[in-house]
Protein chains: 2
Amino acid sequence: MPPAPGDRDARREDVSQAVWRILADHGFGGLTLRAVAAEMGVSTGMLMHYFPTKRALVGHALHLLEQHTSARPRRPRPAEGAAALRAVLLDVLPLTPDDAARNRVWVSSWDLALADDGLRADQAGRYVRMRAAIRPHLEAARRLGELPPEADLDRLAATAVAFVHGLVVQALFDAERFPPDTQTAMLDDFLASLLSETPGGSAG
Amino acid sequence: MPPAPGDRDARREDVSQAVWRILADHGFGGLTLRAVAAEMGVSTGMLMHYFPTKRALVGHALHLLEQHTSARPRRPRPAEGAAALRAVLLDVLPLTPDDAARNRVWVSSWDLALADDGLRADQAGRYVRMRAAIRPHLEAARRLGELPPEADLDRLAATAVAFVHGLVVQALFDAERFPPDTQTAMLDDFLASLLSETPGGSAG
DNA sequence: TTACATACCGAACGCTCGTTACGTACCCCC
DNA sequence: GGGGGTACGTAACGAGCGTTCGGTATGTAA
């Protein structure tokens, strides 16, 4: 293979695909330079030309995970407000094998992320963005009267993310007990109770 | 040190404490025989007398985690129904440093558990038990009229667990943005919307 | 043709891991 | 007061890890 100067990005893309396969099969715990090199059929030295250190490769893997997440096929957003929110949250749940693989990688990254302050901050930022992505739909829902005017949208966004990710974890561990239609029904019930919230809630 | 035959349990208890300190500080990813031995100031050979293999030690660590979880200080259960459910769920949230450490260990164990079929089944069983522990309070709530008669209690239990654990994860990654009172307020809002669910929910 | 930079391989380094073998101190029992 | 089994410490093994390094092609430039 000639050292064509423009191939660097293509090579990094090859590495990305190998990294993703490793992650899907063995999680972040199985992400080693040798495993990636073997997956590509190249040497570890070659890897170091593109990612000077393991940490750089891990960072790239996390970036890749985010990229795969944001580039995943999503349902059309049917409308504004609650219906759109439902579509967004449905796109998070592990309803297909691909979704399950991606979520499995996410969960497996938490062990690393909780142990490293930099990665922890990255993950915190990712959650901030996730909640921010939900907020516009909550605003629309409020505008449409689907939510009471005094609803705390930031808290609602965090609550929705909490419910969805908590459901993801349970579904990953017990796929039999949480088939796609059960997950969907749970989400619909959750949204129904959220949206039927009476102004001036009681508990406190 | 004499080989007093009754000291075996005491020694295992010493090991347990060291294991727990390692888990709290570095998670399951940092649980190595050498780390535990160094924490106790003994040799790795000594460890192997009490846990013949690493897997045995990991199993013990998981058992220890469950033990710490079930033996944690809990608030009094004020009453039946929704109030009791609130207390149960509050006891899960990382409101104190100890709670945070325990939850951090839980999350860090998921990486291992998702990679090993046996451990995954264990974790699935743990979730089954967690939902089963919540169900009686939901039944009481329904009996007290705090829930509509046709509510699906199994699904509600799973939903409550999902919300709480999803909140745990977000709080672990971003403690600043999820101080104890914010977590409590979110839980109260969540419960309020759950309990105000109107019979014959809409979405679906 | 020579000189040089790039791309990559293969092998090795130093380290840590789980695990094992061996030596020794100790207590119990005779 | 000597066996013998238990309870360790010490040291090492082999494997796997991230990383480094020397060598070898292949391209471009003079």
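Chain A is the first sequence line, chain B the second, and so forth, proteins listed ahead of strands; every chain is numbered from 1. Since the structure is predicted, the reported quantities are computational estimates derived from the model, not experimental observations.
- Atom CE in A:M46 sits about 16 Å away from atom P in C:dT6, given to the nearest Å.
- Counting to the nearest Å, the C1' atom of C:dG10 and the NE2 atom of A:H49 are 12 Å from each other.
- Applying the ring-ring contact (aromatic ring centres under 6.0 Å, His included) rule to pairs touching residues 66-105 of chain B yields B:W20-B:H68, sequence neighbours excluded.
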Donor-acceptor contacts under 3.5 Å from residues 179-186 of chain B side chains, at least two apart:
| from | atom 1 | to | atom 2 | distance (Å) |
| --- | --- | --- | --- | --- |
| B:Q183 | NE2 | B:P94 | O | 3.4 |
| B:Q183 | NE2 | B:F178 | O | 2.9 |
| B:T184 | OG1 | B:P180 | O | 2.9 |

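- Atom CG of B:L47 is separated from atom P of D:dA7 by 14 Å (rounded to the nearest Å).
- Contact annotation: A:Y50 side-chain N/O to C:dC8 OP1/OP2 distance is under 4.0 Å.
- In summary, A:R135 and A:E139 engage in a salt bridge, as defined by a charged side-chain N under 4.0 Å from a carboxylate O.
- Residues satisfying the salt bridge (Lys or Arg N to Asp or Glu O under 4.0 Å) test with B:R177, not counting sequence neighbours, are B:D174.
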Name the atoms and distances for all side-chain donor-acceptor pairs under 3.5 Å in residues 120-130 of chain A, with sequence neighbours left out.
| from | atom 1 | to | atom 2 | distance (Å) |
| --- | --- | --- | --- | --- |
| A:R120 | NH2 | A:D117 | OD1 | 3.2 |
| A:Q123 | OE1 | A:R126 | NH1 | 3.0 |
| A:R126 | NE | A:E66 | OE1 | 3.3 |
| A:Y127 | OH | A:H165 | ND1 | 2.7 |
| A:R129 | NH1 | A:E66 | OE2 | 2.2 |

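- Remark: A:R102 pairs with A:D99 by the salt bridge (Lys or Arg N to Asp or Glu O under 4.0 Å) rule, at least two apart or across chains.
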- Task: Treat primed atoms plus P, OP1 and OP2 as sugar-phosphate and everything else as base, then score nucleotides 12-20 of chain D 5' to 3': B for base contact with protein heavy atoms under 4.0 Å, S for sugar-phosphate contact only, - for none.
- Result: B----BBBB
